Enquirer: 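The following block contains the structure, expressed as structure tokens.
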Amino acid sequence: MLDPRQLEMLLELSRHGSMRSVADLLGVTTSTVSQQIGALGRAVGTPVIEPDGRRVRLTPPGRRLAEHAGAVLAALESARAALDPAADPRGTVRVASFATGIRRSLLPVIRTLRTTHPDVNLQVLELEPPEALAAIAADEVDLALTYDYTLARAASDEMLDSHPLWQARWRLAVPSDLAEDLVDDTGSSVEVLAAVADQGWIVNSRHTADEDVLRTVSALAGFEPRVTHRADSLDLVRDLVAAGLGVGLVPEALPDVPGVIGVPLHDPEVLLRCFAMVRRGRGTWPPLAAVLELLLAGTRPG
């Protein structure tokens, strides 16, 4: 019979690559990890790890076993919860999210979990939506926080369950010396973008959603935007605008800085929508269900 604790250690070794990391994560000694994984190899009748210089790596049978370990452990945890609904969930939930999703949604959940479910551990990986969706498809993460815009909706995926979390309004960041004719709040988004059509545009370097919004509205305004800079950090986008290097879309909640004015966008407005995505059927796994419950409880209007 396979020992679930040994499977958990093998699974974490496949993710982290070192026994020391597994030991730190699970709160045991490195020697314990080594002994338990060795015992797992004996139980299955073949070594599951082999030396790799000063480290170890999974053997081909070990990799195949690790690929199944996540589903086995999730099924066991779900069965345990069904037999004892009052039992506290335990396990490691791997989460990929864009930076704002981490700050706004995941950090509050992590703080709450320490009190409500101390045996649930979150591993956070900062990724943009295309990267996060690729990671969840490859079973490299259990949960992905993604986003799209009302003017650039992402395609649905029948293999994923999507849970809406929150929305946030976006606006146009422009250098202060260009803002005088744009800040009276009377112009539509089409008129605002048309007024800065000759400016260079700053867009995301790792995702195209904001550029899709820009091209949708600029098409209505009758011009083709000239993308001159790409940056992943919203703070950097704002700093590039302050330096007079172009204009760009930023969240309404991002504060202005000297040299930058945020111009509201409406008719149509630009709304970012955040979603929690899990593989279909996985959301009942107790640790993941606990995280989803906290995420959904924390939703609020943007």
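Remember, predicted model here, so these are calculated numbers, not experimental data.
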Enquirer: Look only at the side chain of Arg238 and the backbone of Pro255, and say whether a donor-acceptor pair between them is shorter than 3.5 Å.
Expert: yes
Enquirer: Is the side chain of Ser189 donor-acceptor paired with the backbone N or O of Glu269 at a distance under 3.5 Å, no angle test?
Expert: no
Enquirer: Checking the side chain of Arg94 only, and the main-chain atoms of Glu140 only, is there a donor and an acceptor separated by less than 3.5 Å?
Expert: yes
Enquirer: Given 3.5 Å as the limit, does a donor-acceptor pair link the side chain of Arg206 with the main chain of Asp232, or not?
Expert: no
Enquirer: Apply side chain to side chain donor-acceptor pair (under 3.5 Å) to Ser21 and list each qualifying residue two or more places apart in sequence or on a separate chain.
Expert: Ser18
Enquirer: Do Leu127 and Leu133 touch side chain to side chain, with heavy atoms closer than 4.5 Å?
Expert: no
Enquirer: Please round to the nearest 0.5 Å and tell me the distance separating atom CZ of Arg111 and atom OG1 of Thr116.
Expert: 13.0 Å
Enquirer: Determine whether Leu165 and Leu143 fall in the same hydrophobic cluster, where Ile, Leu, Val, Met, Phe, Trp and Tyr are linked whenever their side-chain heavy atoms lie under 4.5 Å apart.
Expert: yes
Enquirer: Is Arg282 salt-bridged to Asp139, cutoff N-O under 4.0 Å?
Expert: yes
Enquirer: If we ignore hydrogens and angles and just use 3.5 Å, is the side chain of Thr146 paired with the main-chain N or O of Pro129 as donor and acceptor?
Expert: no
Enquirer: Using the six-membered ring wherever Trp is involved, compare the ring planes of Trp166 and Phe98 and label them parallel, tilted or perpendicular (cut-offs 30° and 60°).
Expert: tilted
Enquirer: Looking at side-chain heavy atoms only, is the closest gap between Val270 and Thr150 below 4.5 Å?
Expert: no
Enquirer: Looking only at heavy atoms, which two atoms of Val260 and Ala173 are closest? And how far apart?
Expert: CG1-CB, 4.0 Å
Enquirer: Between atom CG of Asp210 and atom CZ of Arg230, what is the distance when rounded to the nearest 0.5 Å?
Expert: 8.5 Å
Enquirer: If I take atom CH2 from residue Trp201 and atom CD from residue Gln199, how far apart are they, to the nearest 0.5 angstrom?
Expert: 9.0 Å
Enquirer: For the residue pair Val241 and Val257, establish whether any side-chain heavy-atom pair is separated by less than 4.5 Å.
Expert: no
Enquirer: How close do Gly17 and Arg55 get, heavy atom to heavy atom, and via which atoms?
Expert: O-NH2, 2.9 Å
Enquirer: Shortest non-hydrogen contact from Pro264 to Val192?
Expert: O-CG2, 4.3 Å
Enquirer: Hydrophobic clustering (ILVMFWY, side-chain heavy atoms < 4.5 Å, transitive) - are Leu160 and Val291 grouped together?
Expert: no
Enquirer: Is any NZ, NE, NH1 or NH2 atom of the basic residue among Arg215 and Glu211 found under 4.0 Å from an Asp or Glu carboxylate oxygen of the other?
Expert: yes
Enquirer: Ignoring hydrogens and geometry, is there a side-chain-to-backbone donor-acceptor pair from Ser218 to Glu224 under 3.5 Å?
Expert: no
Enquirer: Could you check whether Asp256 pairs with Arg171 (Lys NZ or Arg NE/NH1/NH2 to Asp/Glu carboxylate O, under 4.0 Å)?
Expert: yes
Enquirer: For the CD1 atom of Ile102 and the CG atom of Leu122, what is their distance to the nearest 0.5 Å?
Expert: 10.5 Å
Enquirer: Taking atom types as modelled, is there a side-chain donor on Gln36 or Thr32 under 3.5 Å from an acceptor on the other?
Expert: no
Enquirer: Do Arg273 side-chain atoms and Pro164 backbone N/O form a donor-acceptor pair below 3.5 Å?
Expert: no
Enquirer: State, to 0.1 Å, how close Val22 and Met9 come at their nearest heavy-atom pair, and which atoms those are.
Expert: CG1-O, 4.0 Å
Enquirer: Let me confirm one number: the NE2-OG1 distance from His117 to Thr112, rounded to the nearest 0.5 Å.
Expert: 9.5 Å
Enquirer: For Ala290 and Pro89, which heavy atoms make the closest approach, and how far apart are they?
Expert: CB-CG, 4.1 Å
Enquirer: Side chains of Pro251 and Arg169: does their closest heavy-atom pair fall under 4.5 Å?
Expert: no
Enquirer: Between Asp119 and Arg90, does any NZ, NE, NH1 or NH2 come within less than 4.0 Å of an OD or OE carboxylate oxygen?
Expert: no
Enquirer: Would you kindly confirm whether Ile136 and Leu11 end up in one hydrophobic cluster when ILVMFWY residues are joined by side chain heavy atoms under 4.5 Å apart?
Expert: no
Enquirer: Is Asp148 reaching over with its side chain to a backbone N or O of Ala154, donor-acceptor style, under 3.5 angstrom?
Expert: yes
Enquirer: Let me check something: do Ile202 and Phe223 share a hydrophobic cluster, defined by ILVMFWY side-chain heavy atoms less than 4.5 Å apart, either directly or through other members?
Expert: yes
Enquirer: State whether the number of non-hydrogen atoms from other residues, nucleotides or ligands found under 6.0 Å of Arg20 atom CZ is greater than 12.
Expert: no
Enquirer: Under the criterion side chain to side chain contact (heavy atoms under 4.5 Å, CB included), which of Val190, Val213, Val217, Leu249 is the partner of Leu265?
Expert: Leu249
Enquirer: Under a single-linkage definition using a 4.5 Å side-chain heavy-atom cutoff for Ile, Leu, Val, Met, Phe, Trp and Tyr, are Leu151 and Val196 assigned to the same hydrophobic cluster?
Expert: yes
Enquirer: Without swapping roles, check the side chain of Ser34 against the backbone of Thr30 for a donor-acceptor pair under 3.5 Å.
Expert: no
Enquirer: Quick one: are Val93 and Asn121 in side-chain contact, heavy atoms under 4.5 Å?
Expert: no
Enquirer: Using the side chain to side chain donor-acceptor pair (under 3.5 Å) criterion, which residues pair with His16? Sequence neighbours excluded.
Expert: Glu12, Gln123
Enquirer: Find the distance between OG1 (Thr59) and CG (Leu65) and round it off to the nearest 0.5 Å.
Expert: 9.0 Å
Enquirer: Are Val237 and Val250 close enough that some pair of their side-chain heavy atoms sits under 4.5 Å apart?
Expert: yes
Enquirer: Is the closest side-chain heavy-atom distance between Met19 and Ile49 below 4.5 Å?
Expert: yes
Enquirer: If we only count heavy atoms from C-beta on, is the Val28 to Val33 side-chain gap below 4.5 Å?
Expert: yes
Enquirer: Verify, without hydrogens or angle tests, whether Asn204 (side chain) and His207 (backbone) share a donor-acceptor contact under 3.5 angstrom.
Expert: yes
Enquirer: Considering non-hydrogen atoms only, spot the tightest contact between Leu58 and Ser14 and give its length.
Expert: CD2-CB, 3.7 Å
Enquirer: Around atom CD of Glu50, are there more than 12 heavy atoms from other residues, nucleotides or ligands closer than 6.0 Å?
Expert: yes
